[in-house]
Protein chains: 2
Amino acid sequence: MATRRPVLSRERIIHTALAVIDRDGLDALSMRRLGAELGVDAMAVYYHLPDKAALFDGVVEAVYSEVDVDAAALPGPWPEMLAVYLRRLREVLRRHPHAVAVIATRPAYTASVLGPADRAVGRLREEGLTARSAMEITHACRAFTIGFVLAEVGAPLGGPTRAPREAISPADYPHLVEAMAEGYRPDEQYEAGLRAMLDGFARQQAAAGHVP
Amino acid sequence: MATRRPVLSRERIIHTALAVIDRDGLDALSMRRLGAELGVDAMAVYYHLPDKAALFDGVVEAVYSEVDVDAAALPGPWPEMLAVYLRRLREVLRRHPHAVAVIATRPAYTASVLGPADRAVGRLREEGLTARSAMEITHACRAFTIGFVLAEVGAPLGGPTRAPREAISPADYPHLVEAMAEGYRPDEQYEAGLRAMLDGFARQQAAAGHVP
DNA sequence: ACCTGAACACCGTTCAAGT
DNA sequence: ACCTGAACACCGTTCAAGT
């Protein structure tokens, strides 16, 4: 008789976990639910991953790997290179609204994340930035992007508010009402914020004499 | 005999919940634990709050109320006014590392949050900005601040990684190592990012002719 | 090597009951 | 009005056992 091959793998477990999160939210991901989705006893997962925290780490890495942009290979001056990378990051994060908060808080110190990050910093250095500036700028722009997507699509941690709150009357907030009258345009808003930050950093660099 | 006064109140429940989160983390906050901390049966809380989501909403509002800066009353040109407000926001968020992710994802549509926000937008309008620009700029800077604090002190959602991961060797990431050689200086980094974004927005406004 | 299933100490929420 | 306590359908994790 043929030797049986394993039905589970770290990869399949993690992708199924992300699928459950995307479909039903963070709270819906339990080890038992995950087992059911995989067609195995819930505890089978523990043979492949030590605990739920490790599962989350895998999910974070899986999402980052979707970004799949070799920033270091992009053409153009560094602000444009970073803009391409960051727009792509936003795009990927938007696809996983229920996972963004996890990604925002769990450190991703794995080769697949650090490698591209290191090469990106190297790329900025070739344009005259110090390693420190390169990382600061990247870090700040990533923080803006993650914070923006969190406000944009991030699922409320702890589940949606069900009970009606104290009613708010729009008449009390005339300026907010006017600002929102034209509707919410997240793409333009993100773009404006990204440009502001990159322009600001570019000018800081120029003022410091780091870019000729 | 004296009429008994209630031992619980919405206020006290919410502040105790925040205290538990601050002390032992988000996962430590259960309704039973909260009841124990309050010295009552766990289910007593349900008389004052409909469910755990409402409890989180209360926590978010409590943290925002700590900011307690009337942005509209601050002197100086708008970029400096916003900087004061945002530094204060970062300061408050840093005091509640385990709550930041909740604050970042739960909408806070309450009078105590919307009121100051509306007055702040009104203040920017007096300096020539449109309501729309004023809100965009505020929104972007807040996203940066929250994203930054999340990376800075945000507790990993799902608990800390316990099992050792695949070892990473610093030699593979020379640029990152160099960038971190001087240590991590979050205050300077935040300040640089904030200045970059505000300068960038100020220049966008000037270019659009909105500020004389 | 890989998966199962019972067991333990927990969860959030509902609901009838107490005072 | 305000709080209690049993009950229900869940959790994450450990561990011995199966194949």
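The sequence lines fix the lettering, A, B, ..., with proteins before strands; numbering per chain opens at 1. Note that these values count all heavy atoms, side chains included, but never hydrogens, waters or copies made by symmetry.
Just one of B:L89, B:L86, B:I146 meets the side chain to side chain contact (heavy atoms under 4.5 Å, CB included) condition when paired with B:C141; it is B:L86.
Applying the side chain to side chain contact (heavy atoms under 4.5 Å, CB included) criterion to B:A53, with sequence neighbours excluded, gives B:D51, B:R106. Partners of B:R119 under the side chain to side chain contact (heavy atoms under 4.5 Å, CB included) rule, at least two apart in sequence or in another chain, are B:D70, B:A72.
In summary, A:R33 and A:D24 engage in a salt bridge, as defined by a charged side-chain N under 4.0 Å from a carboxylate O. Taking the charged nitrogens against the carboxylate oxygens, B:R90 and B:D187 do have a contact shorter than 4.0 Å, which makes a salt bridge.
Here CD1 of A:I137 is found 12.0 Å from CZ of A:R132. Values are rounded to the nearest 0.5 Å.
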Discussion item. Does B:E166 form a side chain to side chain donor-acceptor pair (under 3.5 Å) with A:T110? I'd like the steps, not just the answer.
Written reply: CA-CA 8 Å; B:E166 44 166 328; A:T110 67; 5.5 Å; no

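Counting non-hydrogen atoms of other residues, nucleotides and ligands closer than 6.0 Å to CZ of B:R185 gives a total above 12. The 12-atom threshold is not exceeded at OH of A:Y109, counting heavy atoms of other residues, nucleotides or ligands nearer than 6.0 Å.
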Response to the item:
DNA chain D in dot-bracket form (Watson-Crick or G-U pairs under 3.5 Å, [ ] crossing, | inter-strand) is ||.|||||...|||||.||

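Under 3.5 Å, the side chains of B:Y190 and B:T145 contain a donor-acceptor pair of N or O atoms.
Within residues 11-25 of chain A, no residue places a heavy atom under 4.0 Å from DNA chain D. Against DNA chain D, the stretch residues 54-61 of chain A makes no heavy-atom approach under 4.0 Å.
The side chain of A:P6 approaches C:dC3 more closely than any other nucleotide in the set D:dC3, C:dT4, C:dC3.
The aromatic ring centroids of B:F148 and A:F144 lie 6.0 Å or more from each other.
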Fill in: Reading 5' to 3' through nucleotides 6-18 of chain D, protein heavy-atom contacts under 4.0 Å coded B for base, S for sugar-phosphate only, - for none
B----BBBB----

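Applying the 4.0 Å criterion to OP1 and OP2 of D:dC3, one finds that B:Y47 has every side-chain N and O outside that range.
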